[in-house]
Amino acid sequence: MQKMPPWADALLVPLLSLLIAFAISSVVIFAIGENPVEAMKLMVTGALGSSYGWGYTLYYATNFMFTGLAVAVAFHAGLFNIGGEGQASLGGLGVALVCLMVPWPHWSLALIGAVVCGALFGALWAALPAWLQAKRGSHIVITTIMFNFIAASLLNYLLVNMLRPVGSMDPATARFPAETNLPGLGEILGAVGIPFSTSTPANVSLFLALACCVLVWALIWRTRLGYQIRAFGKSEKAAVYAGIRPVRITMYAMLISGGLAGMMAVNNVMGEANRLVLNSVEGAGFIGIAVALMGRSHPFGVFLAAILFGFLYQGGAELALWTKIPRELITVIQALVILFTGALDNMVRQPVEWLFARAGRGAK
């Protein structure tokens, strides 16, 4: 029986899943009295039709690249890290502390400090669930879910009782000093003669996320540790037989995963809000699961899937602004994408495999 080629698994199956999700969404849009074609045009125009739309699309995509890479690294080790929400939240705490407590002379130095502290706090928040999985057998899904809620409660307590400026009613930190403000994407592109909107939150963190995509690819497919992570994820028994230590790989994979999730805070906390607020992650940790699934846990696939979900976020905001379509419908579209690329993946994959198998028999 002829196997489905890799390009079909990486591109064709996710594309068909996406088309099915959009088709069902179109039926829902039509049912509430709106024109699906016009709605799609509005989404495309709002998200991709101007530098302003692109700015917001890339801002959201940057968040999803970090969380998608975090989930992808854990997936390669056979671990289902769904604690990206909590790890990104604690990464935000690290970024806030380093921006407020250290007198940085320039944003470039502040960026380095924020990356280190954000990654460190995110990694530490992933370390205990990793240790419980590796040493005590506690399931990583359960512990990371619990740690999401613990992170939210901890951050709420710290913002309300310790980090909130005196006299402020807003549960948020003080604004970071001007020296820590990251240059926006419009400023960067404008410096090289490319016109781009300066009123969007997209910032230099986008290039950091792209660099992380390259580094994760190099780690997973070009290093000894990456080979051990993939081997452990494919078969723990075979990996142990080959001399790979499960505790070590579990800890390393989850520390890297948590660190990547924590780095997301550089974009939304330091690059956009310039302060730490409640619910700054806004669900990006959970969207990272869908991004990793749709991207087949490959950094390039994660990049493309992050752009797609950035498009859905920004396009959905435009729909909510200019039509009667509620913002919650975009959540429905996202859920359908997750459903077909995750839980119902075989519903698309099996017919495609059958078609390739039949084509292979016909060729003989």
Side-chain angles (χ1 to χ4, degrees), residues 3-15 17 61-84 87 115 119 122-123 126-127 130 133-134 140 205-264 285 287-309 341-342 345 349 352-353 356:
K3 286 186 177 181
M4 182 169 58
W7 67 265
D9 178 55
L11 295 175
L12 183 59
V13 173
L15 180 60
S17 299
T62 301
N63 289 336
F64 303 148
M65 283 183 217
F66 283 120
T67 56
L69 289 172
V71 175
V73 170
F75 274 168
H76 279 295
L79 303 169
F80 198 170
N81 176 22
I82 58 175
Q87 292 148 20
V115 168
Q133 163 87 14
I140 199 76
S205 302
L206 170 64
F207 302 104
L208 177 63
L210 294 174
C212 285
C213 288
V214 176
L215 290 174
V216 168
W217 172 83
L219 168 70
I220 297 298
W221 280 280
R222 290 295 184 271
T223 67
R224 180 180 180 182
L225 176 61
Y227 173 79
Q228 291 176 336
I229 288 174
R230 287 185 289 121
F232 179 75
K234 293 292 185 183
S235 173
E236 182 177 348
K237 290 182 179 179
V240 171
Y241 183 78
I244 297 172
R245 291 179 289 176
V247 174
R248 175 176 174 269
I249 295 303
T250 299
M251 293 300 299
Y252 280 0
M254 284 297 293
L255 287 172
I256 294 169
S257 178
L260 286 166
M263 286 171 64
M264 191 203 92
I287 295 299
I289 301 171
V291 168
L293 286 170
M294 193 164 191
R296 297 295 187 264
S297 297
H298 191 285
F300 183 66
V302 166
F303 164 75
L304 294 178
I307 296 293
L308 168 65
F309 276 90
T341 57
D345 180 70
R349 180 184 302 277
V352 173
E353 287 178 342
F356 275 100

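On a predicted model such as this, the values are computed, not experimentally measured, just so you know.
Residues Met264 and Phe66 come closest through the heavy atom pair CA-CD1, 3.6 Å. Pairing each heavy atom of Val302 with each of Leu69, the nearest pair is CG1-N, 3.8 Å. The two residues Ala127 and Leu255 make their nearest non-hydrogen contact at CB-CD2, 3.8 Å. Counting all heavy atoms, side chain and backbone alike, Trp221 lies closest to Ser297 at CH2-O, 4.1 Å. Nearest heavy-atom pair, Thr250 versus Ala130, reported as atom, atom and distance to 0.1 Å: CG2-O, 3.7 Å. What you find for Thr62 and Ser205 is that their closest heavy atoms are CG2-O, 3.7 Å.
Using bins of under 30°, 30° to 60° and over 60° for the plane-to-plane angle, the ring pair Phe80/Phe75 lands in the tilted bin.
Between Arg245 and Val240, every side-chain heavy-atom pair lies at or beyond the 4.5 Å cut-off. Side-chain contact between Thr223 and Gln228 is absent, with no heavy-atom pair separated by less than 4.5 Å. When side chains are defined from C-beta on, Glu236 counts as touching Phe232, because their heavy atoms get closer than 4.5 Å. With contacts defined as side-chain heavy-atom distances shorter than 4.5 Å, the pair Val291/Thr67 does not qualify. The side-chain heavy atoms of Leu308 and Phe303, taken from C-beta on, include no pair separated by under 4.5 Å.
Within a 6.0 Å sphere centred on CZ of Arg248, heavy atoms belonging to other residues, nucleotides or ligands number more than 12. Atom CZ of Phe207 sits in a crowded spot, with more than 12 heavy atoms from other residues, nucleotides or ligands closer than 6.0 Å.
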side-chain contact (heavy atoms from CB on, under 4.5 Å) between His298 and Trp217: does it pass, once the steps are laid out? CA-CA 7 Å; His298 191 285; Trp217 172 83; 3.8 Å; yes

As a quick check of understanding, evaluate side-chain contact (heavy atoms from CB on, under 4.5 Å) for Cys213 and Met65, giving each step before the final call. CA-CA 8 Å; Cys213 288; Met65 283 183 217; 4.3 Å; yes

Please lay out, stage by stage, how Ile256 and Leu225 fare under the test side-chain contact (heavy atoms from CB on, under 4.5 Å). CA-CA 11 Å; Ile256 294 169; Leu225 176 61; 4.2 Å; yes

One pair to check against side-chain contact (heavy atoms from CB on, under 4.5 Å): Val115 and Leu208. What are the steps and the verdict? CA-CA 9 Å; Val115 168; Leu208 177 63; 3.6 Å; yes

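Atom CZ of Arg224 is separated from atom CD1 of Ile229 by 13.0 Å, given to the nearest 0.5 angstrom. Atom-to-atom distance recorded for Phe309:CZ and Asn63:CG is 14.0 Å, nearest 0.5 angstrom. One distance of note links CD1 of Ile249 with NE2 of His76; it measures 13.5 Å at 0.5 Å rounding. With rounding to the nearest 0.5 Å, the separation of CZ in Arg349 from OG in Ser17 is 8.5 Å.
Formation of a donor-acceptor pair under 3.5 Å by the Arg230 side chain with backbone atoms of Ile220 is found in this model. Put simply, the side chain of Gln133 gets close to the backbone of Ile140: a donor and an acceptor are under 3.5 Å apart. Without hydrogens or angle criteria, Ser235 side chain to Ala231 main chain gives no donor-acceptor distance under 3.5 Å. At distances below 3.5 Å, not a single donor-acceptor pair connects side-chain atoms of Ser257 with backbone N or O atoms of Ala253.
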